[in-house]
Amino acid sequence: MKILQDLSYSELENLIEQLGEKKFRAQQLNTGLMQGKSISQINVPVTLKAKLLESYADEPVKIIRTLTSSDGTEKYLFSLWDGNVIEGVLMKYEYGYSQCVSTQVGCRMGCKFCASTLGGLVRNLSPGEILSQILTVNAKVKESGGAVKKVVLMGSGEPLDNYDNVIKFLRNLAAPTGINISPRNVSLSTCGIVPKIYSLADEGLDVNLTVSLHQTTDEGRARTMPIAKKYSISEILEACNCYFKKTGRRYIFEYTLIDGENCDREHAEQLIALLKGRCCHVNLIRLNEVKERKLLSATDKQAYRFLGWLEKGGLSATVRRRMGADIGGACGQLRASFLEGEQC
């Protein structure tokens with residue numbers, strides 16, 4: 001099946017013309033789709049719905065499970081039209097809602113602190129499947145007067161490993177005929193696929209680039225991130241510098257604090273030496289532990305001590321607010337537990 005939400009507005013108009021329908025039907029369809037409605041729910045003629053449903057999935061993404069944290073964070077398990085499952089997270093801040101979305105079913109990057117990689121990569125998500133995660137959640141929260149204002153590509157999957165679909169999603173997301181979320185309100189998290197960072201810098205989208213660093217040496221990074229065997233930290237820093245020069249956007253390094261692995265004073269000093277003077281920010285993350293990985297999170301005391309060392313050394317850094325830890329906050333945990341239950 002194809003996904004109607006994959007189409008830009010002009011592509012939707014062309015489709016309607018090819019189906020022999022009046023042009024204004026494209027606007028009717030687009031309005032319904034952007035409201036999170038399935039094809040069968042949109043107020044257009046039954047004959048048009050029948051034509052569309054011959055080739056297009058009626059409801060490409062739907063919520064099949066919701067977990068609510070004590071801090072108000074909601075984690076969703078989404079079912080796709082083909083029976084695959086992905087997950088996402090809705091976080092509430094003072095400015096409104098931010099949603100973390102998936103870009104792939106599973107992941108092939110193999111990072112040892114992440115549950116998304118446990119079953120490997122199943123397939124890429126289409127632009128419309130990524131967008132539909134937001135449309136579906138928007139339809140849910142609008143009942144309380146809310147709407148997603150910011151988007152984080154940090155759920156299951158590596159966004160730059162699904163490059164073309166992610167780029168089209170970003171353009172459709174920002175379109176005035178869509179839900180009009182600017183790329184400047186989107187954060188894209190990557191494990192560091194260097195050639196694609198250069199490509200992203202040339203797209204003119206100006207998203208907030210976030211790179212998973214998590215270590216201060218290539219050898220240390222390779223212990224938890226297989227991608228480190230292909231791209232060195234120095235290559236990543238060069239790519240990030242290029243991104244800054246072309247977009248003017250400060251880049252962010254994620255640094256997950258793992259007890260006994262990367263959070264002592266020596267690591268802090270190495271990180272300062274590596275990043276001082278660069279137009280970047282360090283986001284310190286206390287690990288959401290994944291039972292299959294046997295890695296332990298740094299304590300709050302360790303996290304804030306590490307932060308103090310970085311700040312004293314002149315780096316811009318913060319400890320990320322911990323959200324959803326009591327509902328399986330790590331990427332892929334909900335999907336992994338669901339699949340495990342299915343197999344039992």
Side-chain angles (χ1 to χ4, degrees), residues 98-104 107-109 111 114 124-125 127 130 149-155 157-175 181-218 221-222 224-256 270-285 310 313-318 320 331:
S98 177
Q99 186 176 346
C100 179
V101 301
S102 294
T103 55
Q104 296 178 309
C107 183
R108 63 174 177 164
M109 295 296 110
C111 299
C114 180
N124 288 327
L125 296 184
I130 304 171
K149 300 294 184 184
K150 294 189 177 183
V151 176
V152 184
L153 303 182
M154 202 181 292
E158 161 58 55
L160 297 187
D161 192 40
N162 186 18
Y163 187 84
D164 291 340
N165 286 336
V166 165
I167 295 301
K168 186 170 185 182
F169 155 74
L170 291 170
R171 298 196 189 284
N172 287 350
L173 182 73
I181 295 180
S182 165
R184 287 177 171 260
N185 288 324
V186 177
S187 294
L188 185 152
S189 177
T190 175
C191 65
I193 303 179
V194 168
K196 296 301 183 182
I197 294 176
Y198 284 107
S199 297
L200 185 64
D202 291 328
E203 293 287 351
L205 289 168
D206 297 353
V207 300
N208 299 294
L209 177 66
T210 303
V211 180
S212 296
L213 189 60
H214 309 312
Q215 261 288 359
T216 55
T217 66
D218 292 327
R221 198 165 182 260
T224 54
M225 301 182 71
I227 194 73
K229 297 171 185 176
K230 189 166 187 179
Y231 304 113
S232 67
I233 291 176
S234 62
E235 289 175 310
I236 289 172
L237 293 179
E238 287 178 18
C240 288
N241 189 48
C242 171
Y243 191 83
F244 171 70
K245 286 181 178 178
K246 290 197 174 183
T247 66
R249 305 290 285 169
R250 180 179 72 162
Y251 45 94
I252 297 169
F253 288 112
E254 292 175 322
Y255 194 93
T256 296
Q270 290 172 345
L271 197 58
I272 292 164
L274 197 63
L275 302 181
K276 192 171 182 179
R278 296 181 178 273
C279 193
C280 67
H281 179 80
V282 179
N283 195 0
L284 300 175
I285 304 167
L310 296 188
L315 289 189
S316 170
T318 50
R320 180 190 286 176
C331 294

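With contacts defined as side-chain heavy-atom distances shorter than 4.5 Å, the pair Val166/Leu160 does not qualify. At a threshold of 4.5 Å between non-hydrogen side-chain atoms, the residues Thr318 and His281 count as touching. Side-chain contact between Val101 and Val152 is absent, with no heavy atoms from C-beta onward closer than 4.5 Å. Considering only heavy atoms from C-beta on, Glu238 comes within 4.5 Å of Tyr198 through its side chain. Within the 4.5 Å cutoff, the side chain of Ile236 has no heavy atoms near those of the Ser232 side chain. Between Ile285 and Tyr255 there is no side-chain heavy-atom pair separated by less than 4.5 Å. Within the 4.5 Å cutoff, the side chain of Leu310 has heavy atoms near those of the Leu284 side chain. The closest side-chain heavy-atom distance from Thr103 to Asn124 is not below 4.5 Å.
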Just list the side-chain donor-acceptor pairs under 3.5 Å for residues 188-196, sequence neighbours left out, or say none.
| unit_1 | atom_1 | unit_2 | atom_2 | d |
| --- | --- | --- | --- | --- |
| Ser189 | OG | Glu254 | OE1 | 3.1 |
| Thr190 | OG1 | Glu158 | OE1 | 3.4 |
| Thr190 | OG1 | Glu158 | OE2 | 2.9 |
| Thr190 | OG1 | Gly192 | N | 3.0 |

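No donor-acceptor contact under 3.5 angstrom links the side chains of Arg278 and Asn241, judged on distance only.
Counting all heavy atoms, side chain and backbone alike, Ile181 lies closest to Lys149 at CG2-O, 3.8 Å. The shortest non-hydrogen separation linking Arg250 to Cys280 is CG-CA, 3.7 Å. Heavy-atom minimum distance, Cys240 versus Ile197: N-CG2, 4.5 Å. Nearest heavy-atom pair, Ala174 versus Pro183, reported as atom, atom and distance to 0.1 Å: CB-CD, 3.8 Å. Nearest approach of Phe169 to Leu153, heavy atoms of both residues: CE2-CD2, 3.7 Å.
Judged purely by atom type and a 3.5 angstrom limit, Asp218 uses its side chain to pair as donor or acceptor with the backbone of Ile233. Of the possible donor and acceptor atoms, one in the side chain of Asn165 sits under 3.5 Å from a partner among the backbone N and O of Leu125.
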Derivation and outcome, side-chain contact (heavy atoms from CB on, under 4.5 Å), residues Arg171 and Glu203: CA-CA 10 Å; Arg171 298 196 189 284; Glu203 293 287 351; 2.6 Å; yes
Full working for side-chain hydrogen bond (donor to acceptor under 3.5 Å, both in side chains) between Thr224 and His214: CA-CA 9 Å; Thr224 54; His214 309 312; over 6 Å; no
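From Met154, atom CE reaches atom OG of Ser212 across 7.0 Å, with rounding to the nearest 0.5 Å. Atom-to-atom distance recorded for Cys242:SG and Leu237:CG is 13.0 Å, nearest 0.5 angstrom. Rounding to the nearest 0.5 angstrom, the gap separating the OG1 atom in Thr256 from the CD atom in Gln215 is 11.0 Å. Atom-to-atom distance recorded for Ile130:CD1 and Asn162:CG is 5.5 Å, nearest 0.5 angstrom. Taking OG from Ser98 and CG from Asn185, the interatomic distance works out to 9.5 Å, rounded to the nearest 0.5 Å. To the nearest 0.5 angstrom, Leu209 atom CG is 11.0 Å from Arg249 atom CZ.
For Tyr251, the ring-ring contact (aromatic ring centres under 6.0 Å, His included) criterion is met by Phe253, not counting sequence neighbours.
Between Arg184 and Asp206, at least one side-chain N (NZ, or NE/NH1/NH2) sits under 4.0 Å from a carboxylate O, which counts as a salt bridge.
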